[in-house]
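Take a look at the structure below.
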Amino acid sequence: MTLDGAAHRLELLAQPLTPEAFAEFGDVIDSTGHTPIQINDGMTERYHALARVDVGNAEGEALINLFHALPYTLPMRLLSMERHPLGSQAFIPLDNRAFLVVVAPRGEAIDPKDVRAFIASGTQGVNYHAGVWHHSLIAPREAARFLVVDRGGPGHNCDVLPFSEGLTVVLDVAASEAKTQPLKAAVTTAA
Ligand SMILES: NC(=O)N[C@@H](O)C(=O)O
Ligand code: NI
C-alpha cells in the first residue's frame, strides 16, 4: 500500500488541537470544558471517561506504557504513517510539553490532501481510534515523556504506509503562534 503521488511536496502546517477538529480521528484528552465529579470527600476532581480504550476483541487487553521520546528538529520530513486496526492508542504528555500529532482518515490508502497536523499543548492528550492513520510520536525540540494506553494481545496491530518517493511531506509549525504553546523555538532551518 503506497501513496499515489507524482513529484509532489506537501507542506503540513500544524494547527492548534481542538476536540471538534480532531473528532474524525479520535478524542482529545483534556479537562478543559468538562465538568468534573467531586470525589474523595471533595479532595479530588474526577474528569470521567474523557476517552475509551478500544481493545478490539476478547483477546485484546489494555496496556499502560511509558514512552520516553527523543526530540525531532523541525521542519521534518515525514516518511510514513501507521494505524492500529485492532485497538485505540492514547498519548498523554507527562512533562507539560507540546507535541505534534499528524493524522489521516481511515481507509486502505491515504490521500495526501487529507493529512492533518495538530499541535497538542502540554495539557492535552490524544486518543487515536482504531484504524486511524497517524505518524508515530513526535516530540519537537526536547525529549518528553508520555503515558501511552493502547491494545496488547494477539494479532497484527500495526500497519505502516510509506509515502511514495514522489511525495515529500514536510511538517512545519504554523507561523502564527499556536493557542496552545509556542513552538517557534522548535523550527530550525533544515540542514
Ligand atoms: N509503536 C508504538 O508503540 N508506537 C507507535 O504506535 C506510535 O504511534 O508512536
Ligand atoms: Ni501508533
Side-chain angles (χ1 to χ4, degrees), residues 1-3 10 12 14-15 17 19 21-30 50-57 59-112 114-163 169-173 180-181 183 186:
M1 290 182 290
T2 59
L3 273 175
L10 177 64
L12 280 183
Q15 64 190 72
L17 179 67
F22 196 70
E24 72 174 288
F25 307 109
D27 315 287
V28 174
I29 302 171
D30 182 359
L50 297 177
R52 281 177 162 72
V53 182
D54 176 0
V55 296
N57 55 33
E59 294 178 295
E61 59 177 345
L63 300 179
I64 296 176
N65 317 279
L66 290 175
F67 281 28
H68 292 190
L70 296 177
Y72 282 96
T73 298
L74 297 182
M76 64 181 281
R77 181 176 179 190
L78 306 184
L79 301 177
S80 63
M81 301 280 272
E82 63 173 44
R83 67 179 177 188
H84 308 301
L86 300 181
S88 56
Q89 187 173 48
F91 292 84
I92 296 106
L94 298 177
D95 299 318
N96 193 19
R97 292 185 187 136
F99 64 106
L100 295 171
V101 173
V102 179
V103 287
R106 292 182 181 88
E108 289 316 300
I110 298 174
D111 183 334
D114 293 337
V115 179
R116 295 284 179 273
F118 297 93
I119 300 174
S121 75
T123 58
Q124 290 177 306
V126 291
N127 183 46
Y128 301 128
H129 288 174
V132 168
W133 291 107
H134 57 281
H135 191 277
S136 57
L137 179 56
I138 302 175
R141 183 178 62 200
E142 50 190 333
R145 299 173 304 152
F146 294 79
L147 170 70
V148 177
V149 181
D150 56 12
R151 180 211 184 258
H156 175 78
N157 192 31
C158 187
D159 295 329
V160 178
L161 179 59
F163 290 122
V169 181
V170 177
L171 173 59
D172 207 333
V173 173
T180 53
Q181 183 166 336
L183 279 173

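Every number for a ligand or one of its atoms is a count from 1 in the order of the listing. What you see below is based on every heavy atom in this structure, not just the backbone, and it leaves out hydrogens, waters and symmetry mates.
Closest heavy-atom approach to atom 4 (N) of ligand 1 within the set F146, F67, Y128: this belongs to F67. Of the options R83, E82, H135, H84, the smallest heavy-atom separation from atom 8 (O) of ligand 1 is shown by E82.
Crowding of R52 atom CZ: a count of heavy atoms from other residues, nucleotides or ligands under 6.0 Å not exceeding 12. Heavy-atom neighbours of L94 CG from other residues, nucleotides or ligands within 6.0 Å: above the threshold of 12.
Checked against the Ni ion (ligand 2), the N, O or S atom of E82 at the shortest distance is OE2.
With the Ni ion (ligand 2) at the apex, H84 NE2 and H134 NE2 define an angle of roughly 90° (rounded to 10 degrees).
In summary, of the residues considered (I29, L17, V132), a side chain to side chain contact (heavy atoms under 4.5 Å, CB included) with V126 occurs for L17 alone. Of the listed residues (F25, W133, F91), just one forms a ring pair (Phe, Tyr, Trp, His ring centres under 6.0 Å) with Y128, and that residue is F91.
Here the side chain of R97 pairs a donor or acceptor atom with the backbone of A143 at under 3.5 angstrom. Between the side chain of N57 and the backbone N or O of E59 there is at least one donor-acceptor pair closer than 3.5 Å.
Those atoms of ligand 1 with a heavy atom of F91 less than 4.0 angstrom away are 7 (C), 8 (O), 9 (O). Less than 4.0 angstrom separates some heavy atom of S136 from each of these atoms of ligand 1: 7 (C), 8 (O), 9 (O). Heavy-atom proximity to H134, at under 4.0 Å, picks out these atoms of ligand 1: 8 (O).
Taking 2.8 Å as the criterion, Q89 counts as a coordinating residue of the Ni ion (ligand 2), since one of its N, O or S atoms falls below it. Here D150 does not reach the Ni ion (ligand 2): none of its N/O/S atoms is less than 2.8 Å from the metal.
In this structure, R151 does not pair ionically with E61, as no charged nitrogen and carboxylate oxygen lie closer than 4.0 Å.
Scanning the protein heavy atoms around atom 9 (O) of ligand 1, the nearest turns out to be L137 N, 3.1 Å.
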